[in-house]
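Some notes on the structure that comes next.
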Amino acid sequence: MADRTFPTPNTPPELKRKDFVSDQMVRWCPGCGDFAILAQVQKTLPTLGIPKEKFVFISGIGCSSRFPYYMDTYGFHTIHGRAPTFATGLKCARPDLNVWVVTGDGDGLSIGGNHLIHAIRRNIDINILLFNNRIYGLTKGQYSPTSDRGKISKSSPMGSIDRPIYPLRTALAAEATFVARAVDSDVQHLAATLERAAQHKGTSFVEIYQNCIVFNDGVFEDVENRATRDDFALKLEHGKPMIYGKDRDHGIRMKDGKPEVVNFKPGEEPKDLLVHNEKAGAEFAYMLTHLEPPEFPTPVGVFRSVEEATYNDLLDAQIEQAKKPGANDLSKLLAGAENWEVAK
Amino acid sequence: MADRTFPTPNTPPELKRKDFVSDQMVRWCPGCGDFAILAQVQKTLPTLGIPKEKFVFISGIGCSSRFPYYMDTYGFHTIHGRAPTFATGLKCARPDLNVWVVTGDGDGLSIGGNHLIHAIRRNIDINILLFNNRIYGLTKGQYSPTSDRGKISKSSPMGSIDRPIYPLRTALAAEATFVARAVDSDVQHLAATLERAAQHKGTSFVEIYQNCIVFNDGVFEDVENRATRDDFALKLEHGKPMIYGKDRDHGIRMKDGKPEVVNFKPGEEPKDLLVHNEKAGAEFAYMLTHLEPPEFPTPVGVFRSVEEATYNDLLDAQIEQAKKPGANDLSKLLAGAENWEVAK
Amino acid sequence: MPAKTKDVKKKEELDVEEIEAVTIRFAGDSGDGVQLTGGQFTTATAMAGNDLSTLPDFPAEIRAPVGTLPGVSGFQIHFSSRDVLTPGDQPEVLVAFNPAALKANIKDLVKGGTVIVNTDAFTAQNFKKAGIATNPLEDDSLSEYRVVEVPMTMLTGKALEDLGMSATQVSRCKNFFALGIMYWAYGRSLDATLTWIKKKFKKVPTIVEANTRALHAGHAYAETTEIFQHTYSVKKAPIAPGKYRNITGNEATALGLVAAQQLSGHQLFYSTYPITPASDVLHALAKLKSFGVKTVQAEDEIAGVGMAIGASFGGLLAVTGTSGPGLALKAEAIGLAVMTELPLVIINVQRGGPSTGLPTKTEQSDLLQAMYGRNGESPVGVVAPATPGECFTAIIKACRLAMKYRTPVIFLSDGYLGNGSEPWRLPNVDSLPKFDISHDPGQPAEDFKPYKRDEKTLARPWVLPGTKGYEHRIGGLEKQKDTGNVNYEPDNHEEMCRIRAEKIERMTADIPKLSVLGEPKGKVLVVGWGSTYGAITTAVKKAQSEGKSVSAIHLRYINPFPSDLGDILKNFDRVLIPEMNLGQLNMLIRSRYLVDAVGLHKVKGQPFKVSEIKEKIEALLEGKE
Amino acid sequence: MPAKTKDVKKKEELDVEEIEAVTIRFAGDSGDGVQLTGGQFTTATAMAGNDLSTLPDFPAEIRAPVGTLPGVSGFQIHFSSRDVLTPGDQPEVLVAFNPAALKANIKDLVKGGTVIVNTDAFTAQNFKKAGIATNPLEDDSLSEYRVVEVPMTMLTGKALEDLGMSATQVSRCKNFFALGIMYWAYGRSLDATLTWIKKKFKKVPTIVEANTRALHAGHAYAETTEIFQHTYSVKKAPIAPGKYRNITGNEATALGLVAAQQLSGHQLFYSTYPITPASDVLHALAKLKSFGVKTVQAEDEIAGVGMAIGASFGGLLAVTGTSGPGLALKAEAIGLAVMTELPLVIINVQRGGPSTGLPTKTEQSDLLQAMYGRNGESPVGVVAPATPGECFTAIIKACRLAMKYRTPVIFLSDGYLGNGSEPWRLPNVDSLPKFDISHDPGQPAEDFKPYKRDEKTLARPWVLPGTKGYEHRIGGLEKQKDTGNVNYEPDNHEEMCRIRAEKIERMTADIPKLSVLGEPKGKVLVVGWGSTYGAITTAVKKAQSEGKSVSAIHLRYINPFPSDLGDILKNFDRVLIPEMNLGQLNMLIRSRYLVDAVGLHKVKGQPFKVSEIKEKIEALLEGKE
Ligand SMILES: Cc1ncc(C[n+]2csc(CCOP(=O)(O)OP(=O)(O)O)c2C)c(N)n1
Ligand SMILES: Cc1ncc(C[n+]2csc(CCOP(=O)(O)OP(=O)(O)O)c2C)c(N)n1
Ligand code: SF4
Ligand code: SF4
Ligand SMILES: [Mg+2]
Ligand SMILES: [Mg+2]
């Protein structure tokens, strides 16, 4: 089996953004949020010091899932909802590769919800980017599991009656070791978040708010818009108090076990503001996912980042542990515990 | 369509436990926890004042999923993992029925995890009982998604390397409106919990710790055993402080936003013990699911119970709203918006 | 039609040329309103009394950049003073809104055909987007066609000058300008479109005004600039009298379901997961809540079919819809409906496969999947409509068979039927036959046997939860005969397998015999199924009119086969089976009847051309194969 | 064997009767250790030099209450001094540990056969559990059999008296007592079992002692009480010399996969979801981590196949395993492997269907699902082993074909093969042919075309992620020829569909020609596939030995068919196809070769009996059909 090892070169090559641009025409609607995400991913990868041939992008089906075609890396556009399974198999098989999953809110949370959860609970060392536009883009505008109740769409002309699913909560219920949220239009913050996700060992789960200009334009307007986003998005920073607002004059504080918003003069924040802790138990991050507009700002950034053993490492470790001299003798294996000789 | 209405009789019939016992031989291993659950369900149903013919039990595949055969109600033993979908369809189609789903940890959380989540997020008015024995019983002993990491089983001879899934957390991530836990052997508490589940409108989700005597005997020993269970199980009661122990000398308190165990003299509990609140946000119940042995007792009872509109009611309401005189004229519908006459 | 506009005739010389049929294709960017233009032209043509058939050609699911080849959208209409069964093999007229549309479609145009272009879109930038090196209007590439160059954007802009609209908004009206030209050329009335514009845009009076002006302007332009040598007249077709509308297969399917609800007195329950090209059935039904129709958008295909089976257990008319890959996912659950013998209709609007394949293209390659794509011996009914309009009656029939025989029935539509349209004569609602579906156990409660069957149909009782005293349990494990209890006995299993197979065979009693197009005996018999109907029928009629010994039959039922199929096959020397796959019906017929049927296979994501079938018939007659 | 023990002969009269073959069935409660007893008897018999074949019969998946009919477990062994290919049509000896076991099995016993019962289990309570009205040992119901009544529980108890064991523990040893009786009757040595007991229970010396004593006690009891008229001797069979072991099909499959790993130099990756009767393959492989085998228990079947495809993309030998309903769930993903042309082996250990069906019973009803159970034209290879031992070589072959042709291959085992066992001659590891599988792109990086094919095999390059300069993307949308880019062009699609079909056809080059059992021409040809091999071969040989004009061929490859199949079929007047389904191979052969093959169908969850096939052959020869 040792005939195909894939050593990682010692001196990682100098890569540029354009090294990750494939020769395929990018086919999203003009103005689609997917473009910005693609650009940030293409910008982030060269900074990681990983050879280009080690990256693999795996997706399901949806507008977002066309992503791999536009990356000049290895890529696999699979079937609807199942991308995490292909990624899990590939990473178990080839731990030397750097595996990314790109999925949508329909792909990842409607048909594919279970695979998502199971990848996360295994803490397999892959990076999952979920482009959440709260709509089915590719099939032309049905409501999705993340659409707000009451969403009027082709399949819900009187408004949807399902309660939405929250990607981050779902990930946290499976005790995700890395959970983050970013917004397509805030490209610097997005790039920084992607970099953190890439560096995390274990399943990194990133929800990216993505504007579908054709079927769901403006769902994230508050946090998308340059003019308003600082007032509506709370940038989480490990060890720092939770302050937001263009003028940094709002904060979050716990009262009677519940979060509340406090206003203050810029620079004079109260001492008891909630301090972000990425390393806390999943309960803390889960509580943060309940900070929602209109009452609260939308938290973005890294909600949780803790180290735990990965499925692929544990699998390899068991194999290492099982390997003993002579324990892989095929003849002996075939002979079994009991056998007999038939003479001539 | 009005030719088959199913009115509920005004005077509910007097039903007894034996009315719910079917003529089929019960085929579980002697000593299996499923027997106790069956008995409690058969005891609970007659107390609900609902005609027997209105009950429907729907299951997937597994030892637990044989349940419907033993109930003298309408029943449907479906396919592996998909029971919530059949139940959703039936309840939407026939809101007059009282629909129960019986599933296992493999059925409900391995192959069927996504359907479970989606039933819950729709808050469809059904009752889901998940028999958690942390093993695949029917297929003879492979580890399940709720098995602890390190579980040695037929399919994990060196110990499983997946991190477990927690049924209640999964339900709460989907904002379940009713979430409870019970133990097969504590039959009174189980019966009381089942009754609460039955009375709840919306999806009731009950995890039942169930002992598989053949393939996973004793996993829940602490809370199963009559002698020890009061020391290891915390019975949640709405509005009451969280006290447990045979001598009721332990309690739970919040400290720095985190729960801790306090010991005290029986009857002299501290005033700041955590008070259970079924009506709180899902974050509270979610936090309670993190009370786990060995550090904490295992909470049992109703974690959360809040009222929200159900999918089936909303569906019916939209139909009611759409109905206008003449709005169901088939000829007019067929004629469409544009048509023309071809003369003879 | 004229050659290059340079040599147009004088006005007085213009005359009206009478033609029997014409095929026109509109092509442009998705944003050019091609489908809308086609739809309006269709209505006007139908109202003018022609028979017609249409076919939209959508770009692949994903949106492509403006002006590029993958972004080209098309709409073809074939209309005639005679019977029309196909959208036409090759257009005689192409309206191309930009260079990409020209490039993508020109090769289909008949030699000598007319192409009308919007010259304003023929810019260097657009050539680049379309991957065109030189201006096709200036090189030799169009020398075999008559080219009509119209600066549509500019002319539309002029007409709307004083409305204060942006350039983009103006440009959006140019399709009405083009429509005006075409209305003039074929003597269509503007009235229906004018009414439509008023209704559609009633909230934005400027747009009403703009589109109205564009339409008139185009019409006037054609008339005054004399770009055509003459106008054309296509006489009324001898169409059965009655009220007509234009309908796509997906619309007809949705309406048929609502009709089945009314006829059966069973509320319709439609649970599904969106997928191209089947989603429109959901969209149509979701709007019909006033009819009491319940639709659920499920989390996936498995949930879609699971919910439907649950609803069927509850006594509703339960239907799920999908396309190829979704049918694969539903397989296991369909097997459960086979075992539990519950009525269930599964709509499969087939698309190009395998795998994700060509989602927006048509194909007939799921026939064997429908027949055999489940574990175990798992027979189901298979019904296949032949035309868009026929989807209406065929889906009603599928519902009836499913409910009467208590069985899943798969309805095999396809992308061409689903999105293609034809004029459809409105049925008289009162004359549609009601279904007689009973939930009466027909047995005393004390001794109720859920699998005791009707002797004739072998259907088991469909007793609904809520029926007092008849509590019973069903499931996917093998059932004991009559009692329906779980049973593993060897003989019982074989008997039940045979009963399930026999039940499907018994459906033959409810399936009409075949009608042979042409002589009942002869040299070649063409056997078709599904959406190939139009092309096959047209080809066979043409060949017959040339005196050839060829007949045709068309299968609307594939499982079971009509009872007279075997006998008909015997009466011909050769059997030809054209299919949009690699020979799936062929395999079923060969194996069942041991006839050496010849296949004509087309797996191009496109319907057959009449000529392709006719040529194959001729080859067979000439003994070339 | 003797009649009722009442009239046993005197010791001196006892002699040894030589017989050619015998079939014995052990039956009892799951808790009675029936499978273990059978296994031990098998080993002793194999060591005695007989040829043999065994078949366990498990109760339905769920545990049933002790003493009831659904709880009965069985184990049948057929051994002989000649070639043995089936576990025997009807047992001549039945060992019944309780009344339920007697009731469930007695009808299978040959008239005049011997039944050995544990009389201690024949209590009123057990009669009730088994649904028996009167004691069968006292009424007339067993009058056609020889009944040997042994109070096994009591006697075992006596033998273990002083060991201080509980009654339940003692009762658990009675199967060794029964085994002792049978060893005496057939002159088997106790040695192997004694060794096994010591090893197995080495941690509990009391149990070693108890079982040892029980075995000896049974042996002594048979000898001293003279319950048999004579003992039987079955001579050694003329077996090819070599080292042998007993092996089930599932074990052989697992071992074959490990061998394929070693031979191909590609690490084995097995991802699956447990399902009866396929789970044992996972259990076996999970233990082989020391060989570097990676197993993953996935969350469902779809994940199982998805992970395998992911691993295949990464360059491993990727395999997933399941049974019928699981294959249905994997269909969509298998289609993706077809489109992306990645190697993938799918093991399907078939069980009774449709739906959940009869999970523990055998059947061959997934052949058409394997062939056609996917959307679109989606061809895959289909390989079917004929015997438990053959699973070893067949799965190696499946891996080789999948890797060489870059395609999914479905391996159709079944419950009978998977759980049944036979003696298996250990192969010489060094003589197994290595596979030559390359990942070399064979093209310069600048101009790499992932779908440029090998001219001979049509395989595309299997270039692995991590290979510098060859970054490329694959997926489920239609691929452009050579480049593998997404492509929707009509002609390209048809060409690709034909190439994918042709690639599977090309596998014919790697498939051995058929060998005809018997004359190459004649009246009747029996065509089999999969696990019917033993019964067919035995029946055909018997008929041949009676001078009948019948031959047989057995298909190990169903897609593609061996190249000489058509020619062989032509050489016979009639073709008979016995299958454990309603005629699935039959349909493939009829449609492909237009021969009027006759089917012999058995859908009972049980393998064919030799007699059933022989009778059908005779009926055909006599022109009765
Ligand atoms: C098995 C299957 N079911 C359904 C579809 C149709 N389908 C393709 S993408 C999609 C949803 C896409 O939504 P999302 O994942 O949110 O992606 P987006 O297009 O919004 O980026 C659906 C339903 C499919 N391709 N395959
Ligand atoms: C599609 C499918 N996959 C796999 C199986 C095999 N199977 C039956 S039950 C089961 C797991 C049962 O575990 P659980 O749900 O925990 O039930 P338990 O038996 O423990 O009560 C599996 C894997 C099946 N019947 N169908
Ligand atoms: S439909 Fe929406 S998500 Fe899809 S490409 Fe267009 S804008 Fe983006
Ligand atoms: S295997 Fe376990 S869960 Fe199943 S019936 Fe037996 S004890 Fe109960
Ligand atoms: Mg989306
Ligand atoms: Mg379980």
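Chain identifiers are assigned alphabetically (A, B, ...) following the order of the sequence lines, protein sequences preceding nucleic acid strands; residue numbering begins at 1 within each chain.
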Would you compute the distance between atom [atom1] of [X] and atom [atom2] of [Y] and round it to the nearest 0.5 angstrom?
X: C/L329; Y: D/I302; atom1: CG; atom2: CD1; value: 5.5 Å
X: D/N586; Y: C/S591; atom1: CG; atom2: OG; value: 7.5 Å
X: D/M339; Y: C/T356; atom1: CE; atom2: OG1; value: 7.5 Å
X: D/K479; Y: C/S355; atom1: NZ; atom2: OG; value: 8.0 Å
X: C/L368; Y: D/L368; atom1: CG; atom2: CG; value: 8.5 Å
X: C/S378; Y: D/D366; atom1: OG; atom2: CG; value: 10.0 Å

| query | Do C/K604 and D/E494 pass the side-chain contact (heavy atoms from CB on, under 4.5 Å) test, and can you show the C-alpha distance, the side-chain angles, and the key distance before you say yes or no? | reply | CA-CA 5 Å; C/K604 301 193 175 189; D/E494 177 149 333; 3.3 Å; yes

| request: Evaluate the side-chain proximity of D/P359 to C/L477: yes if any heavy-atom separation is below 4.5 Å, no if none is. | output: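 Yes, close enough: below the 4.5 Å cut-off.
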
| pair C/N375-D/R351: side-chain heavy atoms closer than 4.5 Å |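 No, their side chains stay 4.5 Å or more apart.
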
As an exercise: rank [options] by heavy-atom pairs under 4.5 Å with chain C and give me the winner.
options: D/I589, D/L327, D/D596; result: D/D596
options: D/R374, D/R500, D/E495, D/M496; result: D/R374
options: D/G373, D/A501, D/G335; result: D/G335
options: D/P325, D/G352, D/G324; result: D/P325

| query | Does atom NZ of D/K609 have more than 12 heavy-atom neighbours, drawn from other residues, nucleotides or ligands, at distances under 6.0 Å? | reply |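 Enclosed.
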
If every non-hydrogen atom of [X] is compared with every non-hydrogen atom of [Y], which pair is closest and at what distance?
X: D/R590; Y: C/R592; value: NH2-O, 3.7 Å
X: C/E332; Y: D/A328; value: N-CB, 4.1 Å
X: D/H493; Y: C/V603; value: CD2-O, 3.0 Å
X: D/L582; Y: C/E377; value: N-OE2, 2.7 Å

| request: Name the region of C/I334, side chain, backbone, both or neither, that has any atom closer than 4.5 Å to a heavy atom of chain D. | output: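 For C/I334, neither part sits under 4.5 Å from chain D.
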
| C/V595 versus chain D, heavy atoms under 4.5 Å apart: side chain, backbone, both or neither? |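 It is the backbone, since no side chain atom gets that close.
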
| Knowing that exactly one of C/K361, C/Q606, C/K602 qualifies, which makes a side chain to side chain contact (heavy atoms under 4.5 Å, CB included) with D/P490? |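 Of all the options given, the one that passes is C/Q606.
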
| said: So which residue, C/Q369, C/K330, C/E363, C/Q350, ends up with the most heavy-atom pairs under 4.5 Å with chain D? | reply: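 Heavy-atom pair counts peak at C/Q369.
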
| request: Name the member of C/V338, C/N581, C/V486 that forms the most heavy-atom pairs with chain D at distances under 4.5 Å. | output: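 It is C/N581.
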
| Measuring heavy-atom distances to chain C, does D/Q584 have an atom under 4.5 Å in its side chain, in its backbone, in both, or in neither? |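 Only the side chain of D/Q584 comes within 4.5 Å of chain C.
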
| request: Side chain from CB out, backbone as N, CA, C, O: work out which of these in D/L367 comes under 4.5 Å of a heavy atom of chain C, or both, or neither. | output: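 Nothing of D/L367, per the 4.5 Å heavy-atom cut-off to chain C.
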
| task | Given side-chain contact (heavy atoms from CB on, under 4.5 Å), test C/R498 with D/H601 step by step and report yes or no. | result | CA-CA 11 Å; C/R498 291 187 186 275; D/H601 308 140; 3.7 Å; yes

| Can you list the residues that meet the ring pair (Phe, Tyr, Trp, His ring centres under 6.0 Å) rule with D/F608, with sequence neighbours excluded? |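 For D/F608 there are no ring pair (Phe, Tyr, Trp, His ring centres under 6.0 Å) partners, ignoring immediate neighbours.
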
